[in-house]
Amino acid sequence: AAYQSGQTLYSQYTGKWEPGEHEGRIVHTEILLPPNAPREYADRQTLWNAVDASEKGQDAQTARRFIIALPKELTIEQNIELIRNYCQTTFVDKGMIADIAVHFNDEDPPNPHAHILLTMRSMDEHGKWQAKSKNMYALDENGNRIIGKNGKPKRIKVNTVDWNDPGNCERWRHEWEVQQNMALEEAGRSERIDMRSYERQGVEVIPETHLGPAASALEKQGIRTRMGDHNNAVRMINSLF
């Protein structure tokens, strides 16, 4: 949270100040709250300390993290509106809290992208964190309790919300595809994106590797990198197609 927002935040869990970075690249930060969330969670430090305090297990997952590429064909303001609407309809309306930060490099290419942290626990109507799962009796097809070998009813762990459903990956990617293409159309742009890989689309093109900020900086200075050489080879092969 400190890294993506550029803020220096105090962690009550570790007892340390976590420094923010890349302040010059950050053009927008925002926390979106569902209606039942305490208003004080709009403060980033308060929110994530409350999240840490709600977890008791040493291996508990405290947040879900996304890094989403934004279309460079849109303005910064249009991209902020796009990512805000996407997080609101896809995550916050389902009960999650979304901590958003938009980064923009003032260079060519600009590489606009958004960092998103989502909470993992739902909240009740009073804004209290709820359990991630609960134990229930295992039932057969007739709704009767299943008895184990020890003569006692079997119990199973059931998630209280479906936020960890692996199928969400496809659904969330599809929703991003739809909303991004709508934003491009509204801006009068002809470009469109497709969530499917080249292989799934049946396109005989090899995808390039994402360089990342470190390799990109080296390549711009004329310093060759392994990933840069890979992408150059890919572009040459694709030109043959």
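The chain is numbered in sequence order, starting from 1.
For the residue pair Glu18 / Thr8, no side-chain donor-acceptor distance below 3.5 Å is found, with atom types taken as modelled. Counting only N and O atoms by type, the side chains of Gln88 and Asp93 include a donor and acceptor under 3.5 Å apart. The closest side-chain donor-acceptor pair between Thr89 and Gln179 falls under 3.5 angstrom.
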Side-chain donor-acceptor pairs of residues 59-71 under 3.5 Å, sequence neighbours excluded:
| from | atom 1 | to | atom 2 | distance (Å) |
| --- | --- | --- | --- | --- |
| Gln61 | NE2 | Ala63 | O | 3.1 |
| Arg64 | NH2 | Trp163 | O | 3.3 |
| Arg64 | NH2 | Asn164 | OD1 | 2.3 |

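Proximity of a side-chain donor or acceptor of Arg39 to a complementary backbone N or O of Ala37 within less than 3.5 Å is detected. Checked by atom type and distance alone, the side chain of Asn36 never pairs as donor or acceptor with a backbone atom of Gly95 at under 3.5 Å.
The environment of CD in Gln201 is crowded: more than 12 heavy-atom neighbours from other residues, nucleotides or ligands sit within 6.0 Å. Within a 6.0 Å sphere centred on CZ of Arg173, heavy atoms belonging to other residues, nucleotides or ligands number 12 at most. Residue His230 qualifies as enclosed at atom NE2: its count of foreign heavy atoms under 6.0 Å is above 12.
In this structure, Tyr13 has its ring center at least 6.0 angstrom away from the ring center of Trp48. Aromatic ring centres of Trp129 and Tyr41: separated by under 6.0 Å. Aromatic pair His115/Tyr3: centroids less than 6.0 angstrom apart.
In summary, Arg226 and Glu219 do not engage in a salt bridge, as defined by a charged side-chain N under 4.0 Å from a carboxylate O. Between Asp165 and Arg171, at least one side-chain nitrogen of the basic residue sits less than 4.0 Å from a carboxylate oxygen of the acidic one, meeting the salt-bridge criterion.
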Run Arg84 and His28 through side-chain contact (heavy atoms from CB on, under 4.5 Å) and show every step you take.
CA-CA 11 Å; Arg84 178 189 293 125; His28 180 78; 3.7 Å; yes
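For Arg235, the salt bridge (Lys or Arg N to Asp or Glu O under 4.0 Å) partners at least two apart in sequence or on another chain are Glu208.
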